[in-house]
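Step one of this worksheet: look at the structure below.
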Protein chains: 2
Amino acid sequence: MSAYAALAEPHRRQILDLLRDGERPAGELVEHLDLSQPGVSKHLKVLREAGLVAVRTQGKQRVYALRPEPLAEVDRWLEPYRAFWSQRLDALEHHLEENP
Amino acid sequence: MSAYAALAEPHRRQILDLLRDGERPAGELVEHLDLSQPGVSKHLKVLREAGLVAVRTQGKQRVYALRPEPLAEVDRWLEPYRAFWSQRLDALEHHLEENP
DNA sequence: AAATCATATTTCCATATGGAAATATGACCA
DNA sequence: TGGTCATATTTCCATATGGAAATATGATTT
């Protein structure tokens with residue numbers, strides 16, 4: 001699954017937000033997420049396959065960490081759009097139309 | 001549908017990319033998109049409902065324009081992640097672990 | 001080796017989604 | 001008004017998705 005598709009699910013974005021503070025075992029994510037344990041595990045699988053998180057086994061725990069690379073790709077896609085809101089929108093559009 | 005979910009579909013991102021060059025009638029999008037006319041129309045509906053495009057009727061044509069606001073929201077979500085790839089990743093993570 | 005803990009996988013179900021094809025709608029023109 | 005063009009909507013189908021519940025797996029402890 002693409003990073004874009006992975007981000008379409010709010011719980012998955014929430015998982016990434018949690019991992020911004022540092023790596024966490026799966027169980028800790030379950031505690032924070034108002035979702036069943038299997039539910040979280042499924043979403044983690046999607047995030048793994050999208051390359052957005054990495055797992056490491058530590059004792060009986062599975063510790064998840066953020067892998068930001070795919071987000072960087074999204075960020076690059078977004079890049080050319082930034083011009084559309086960083087300046088006043090109407091003025092910019094007008095400018096572009098008149099100076100193509 | 002959320003902006004995130006709207007972006008999950010590659011054709012929809014492609015439509016937005018086309019609209020970055022300026023507004024276009026639906027038919028012109030169809031020409032560029034290796035998709036049937038109804039297919040494009042369906043995706044345009046999703047983009048409309050997500051607030052990512054606006055339509056204007058001009059004669060018998062329906063002219064579509066980019067509405068970047070929802071992308072700005074995505075950009076804001078992405079913001080805190082930027083720190084994770086703007087500096088060398090390993091060094092940064094190491095730094096954060098030692099200075100929490 | 002058995003029991004236990006943490007997590008993953010499977011199964012089931014209801015719903016959402018994309019694409020193709022057919023049809024409908026609305027604006028303009030003759 | 002009837003016809004045509006551009007586009008939207010509907011219908012159909014196959015597949016994907018999320019969530020809940022049950023079960024399986026792998027590591028650790030006893």
Side-chain angles (χ1 to χ4, degrees), chain A residues 1-19 21-67 70-71 74 77, chain B residues 1-19 21-67 70-71 74 77:
Chain A
M1 178 173 322
S2 78
Y4 299 95
L7 295 181
E9 223 287 327
H11 289 125
R12 289 198 288 261
R13 294 198 297 279
Q14 215 180 327
I15 290 175
L16 296 178
D17 287 340
L18 289 166
L19 293 179
D21 295 339
E23 36 175 45
R24 295 173 186 264
E28 210 173 307
L29 296 170
V30 173
E31 289 173 18
H32 285 266
L33 278 181
D34 198 33
L35 250 185
S36 67
Q37 179 268 317
V40 173
S41 189
K42 261 191 178 178
H43 285 306
L44 286 172
K45 182 179 188 172
V46 172
L47 290 170
R48 257 183 280 135
E49 286 171 0
L52 282 160
V53 300
V55 217
R56 164 169 74 81
T57 302
Q58 182 183 346
K60 19 181 147 172
Q61 307 198 121
R62 310 269 270 150
V63 179
Y64 280 86
L66 184 65
R67 299 298 309 260
L71 293 180
V74 174
W77 179 81
Chain B
M1 177 172 322
S2 78
Y4 299 95
L7 296 181
E9 222 287 325
H11 289 124
R12 289 198 288 260
R13 294 198 297 280
Q14 214 181 328
I15 289 175
L16 296 178
D17 287 340
L18 288 167
L19 293 178
D21 296 339
E23 37 175 43
R24 297 173 186 264
E28 210 174 305
L29 296 171
V30 173
E31 289 173 18
H32 285 267
L33 277 181
D34 197 33
L35 249 184
S36 67
Q37 179 268 315
V40 173
S41 189
K42 260 189 178 181
H43 286 304
L44 285 172
K45 181 177 189 175
V46 173
L47 290 170
R48 256 183 280 137
E49 286 171 359
L52 282 160
V53 301
V55 217
R56 163 170 76 81
T57 301
Q58 181 183 349
K60 16 180 148 171
Q61 307 198 119
R62 310 270 270 151
V63 180
Y64 281 86
L66 184 64
R67 301 296 311 259
L71 292 181
V74 174
W77 179 81

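Scope of the values below: all heavy atoms of this structure, side chains included, with no hydrogens, waters or symmetry mates. Protein chains get the first letters and strands the later ones, always in sequence-line order, with residue 1 at the start of each.
- The salt bridge (charged side-chain N to carboxylate O under 4.0 Å, His left out) analysis of residues 1-19 of chain A, with sequence neighbours excluded, yields the pairs A:Asp17-A:Arg20.
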Using residues 59-66 of chain B as the side-chain source, report each donor-acceptor pair under 3.5 Å to any protein atom, sequence neighbours left out, with the distance given to one decimal.
residue : atom : partner : partner atom : Å
B:Arg62 : NH1  : B:Thr57 : OG1          : 3.0
B:Tyr64 : OH   : B:Arg48 : NE           : 3.4

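- Note: B:Ile15 CD1 to B:His11 NE2 = 8.5 Å, rounded to the nearest 0.5 Å.
- Of all the heavy atoms in B:Ala50 and B:Pro70, the pair that sits closest is O-CG, 3.5 Å.
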Could you pull out all donor-acceptor pairs under 3.5 Å where a side-chain atom in residues 26-41 of chain B meets a protein atom, sequence neighbours excluded?
residue : atom : partner : partner atom : Å
B:Glu28 : OE2  : B:Arg24 : NH1          : 2.7
B:Ser36 : OG   : B:Gly39 : N            : 3.1

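- In this structure, CD on A:Gln58 lies 7.5 Å from CD on A:Glu23, to the nearest 0.5 angstrom.
- Mapped onto DNA chain C by nearest heavy atom, B:Met1 and A:Val55 fall at different nucleotides, with A:Val55 at the one closer to the 5' end.
- Taking a 4.0 Å limit (strictly below) on heavy-atom distances, residues 25-41 of chain B reaches DNA chain D at B:Pro25, B:Ala26, B:Gly27, B:Gln37, B:Pro38, B:Ser41.
- The nearest pair of heavy atoms linking A:Ala5 to B:Ala8 is CA-CB, 3.7 Å.
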Query raised in the report: After noting the C-alpha distance and the side-chain angles of A:Lys45 and A:Lys42, does the key distance pass the side-chain contact (heavy atoms from CB on, under 4.5 Å) rule?
Result: CA-CA 5 Å; A:Lys45 182 179 188 172; A:Lys42 261 191 178 178; 5.6 Å; no
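- Extent of DNA chain D lying under 4.0 Å from chain B heavy atoms, first and last nucleotide in 5' to 3' order, is D:dC5 to D:dT11.
- With rounding to the nearest 0.5 Å, the separation of CG in B:Leu52 from CG in B:Leu19 is 10.0 Å.
- Between atom CH2 of residue A:Trp77 and atom CG of residue B:Leu71 there is a gap of 5.0 Å, rounded to the nearest 0.5 Å.
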Produce the list of close N/O pairs, under 3.5 Å, pairing protein atoms with atoms of nucleotides 25-30 of chain C; give distances to one decimal.
residue : atom : partner : partner atom : Å
C:dA27  : O3'  : B:Gly59 : O            : 3.4

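- Looking at which nucleotide of DNA chain D each of A:Arg12 and B:Arg62 is closest to, the 5′-most match is held by B:Arg62.
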